[in-house]
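To start, the structure itself, in structure tokens.
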Amino acid sequence: MNQALAVWLLLALALVAANLPFLTERVLAVATWKQQGRPAVKPLWVRMAEILLLYVVIGAVGFAFEGNLGNRFRQGWEFYAITLCLFLVMAYPGFVYRYLFRKRKA
């Protein structure tokens, strides 16, 4: 795999992973969220926890790509702060769909 393909694949995976918590009511798209006596709606804190977990998973995939292509470089806290902000920006379309565009059922 060449470097350009790895970068585009990682960006596509990050875009899908960032929006996944907002597009489904299942936790990590696998397990159902259950509440007693009410419809199963994931709270915002669960969605944020999913985003953080998926950020770590996508970061691990990125480090694997980097290690496969050559030497891995050490990163400081600035790198992680910027990539987390970029991941949150990638999650914005899903947030808008879930909380701003989608009509609530009465």
Side-chain angles (χ1 to χ4, degrees):
M1 173 182 312
N2 63 8
Q3 184 177 4
L5 178 63
V7 168
W8 284 109
L9 183 61
L10 186 66
L11 286 174
L13 285 173
L15 187 63
V16 169
N19 288 297
L20 186 64
F22 297 107
L23 298 178
T24 181
E25 291 298 328
R26 294 177 172 266
V27 178
L28 295 174
V30 177
T32 58
W33 180 260
K34 296 182 182 181
Q35 292 177 331
Q36 296 190 350
R38 288 187 274 166
V41 177
K42 282 192 302 189
L44 184 62
W45 70 268
V46 173
R47 295 183 199 278
M48 293 298 119
E50 283 181 311
I51 284 181
L52 286 176
L53 180 66
L54 290 170
Y55 167 73
V56 170
V57 169
I58 294 298
V61 170
F63 281 136
F65 282 167
E66 187 178 17
N68 190 20
L69 292 171
N71 294 334
R72 285 186 47 212
F73 295 99
R74 293 189 53 165
Q75 304 295 340
W77 68 270
E78 298 93 347
F79 173 79
Y80 298 107
I82 290 170
T83 56
L84 179 60
C85 289
L86 181 62
F87 198 75
L88 291 175
V89 167
M90 286 182 173
Y92 187 69
F95 177 83
V96 167
Y97 171 74
R98 170 63 58 189
Y99 293 108
L100 300 178
F101 279 163
R102 193 167 175 199
K103 297 199 186 325
R104 299 270 179 190
K105 295 179 183 177

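Quick caveat, the model's predicted, so the values are computed rather than measured.
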If you compare all heavy atoms of T24 against all heavy atoms of L20, which two are closest, and at what distance to 0.1 Å?
CG2-O, 3.4 Å
Applying side-chain contact (heavy atoms from CB on, under 4.5 Å), name anything that partners I82, two or more places apart in sequence or on another chain.
none
Check whether any side-chain heavy atom of L44 sits under 4.5 Å from a side-chain heavy atom of Y99, and report yes or no.
yes
So which atom in L54 and which in A17 form the shortest heavy-atom distance, rounded to 0.1 Å?
CD1-O, 3.1 Å
Consider only side-chain heavy atoms of I, L, V, M, F, W and Y, link residues closer than 4.5 Å, and tell whether L13 and L52 are in one cluster.
yes
Only distances under 3.5 Å count here; give the side-chain donor-acceptor pairs of residues 3-12 to other protein atoms, sequence neighbours excluded, each with its distance to 0.1 Å.
none

If you take all heavy atoms of N19 and A91, which pair is closest and at what distance?
OD1-O, 3.4 Å
Donor-acceptor list for residues 63-75 side chains, cut-off 3.5 Å, not counting sequence neighbours:
from: E66; atom 1: OE2; to: F73; atom 2: N; distance (Å): 3.4

Nearest atoms (heavy-atom pairs only) where F87 meets I51:
CE2-O, 3.5 Å
Between I58 and Y80, is there a shared hydrophobic cluster once you connect ILVMFWY residues whose side-chain heavy atoms come closer than 4.5 Å?
yes
Contacts of type side-chain contact (heavy atoms from CB on, under 4.5 Å), residue V16, not counting sequence neighbours
none
Testing the basics here: between R47 and P21, what is the closest heavy-atom pair and its distance to 0.1 Å?
NH1-O, 2.6 Å
Provide the full list of side-chain hydrogen bond (donor to acceptor under 3.5 Å, both in side chains) pairs with a residue in residues 82-96, sequence neighbours left out, each pair given once.
Y55-T83
So do F95 and L88 actually touch side chain to side chain, heavy atoms under 4.5 Å?
no
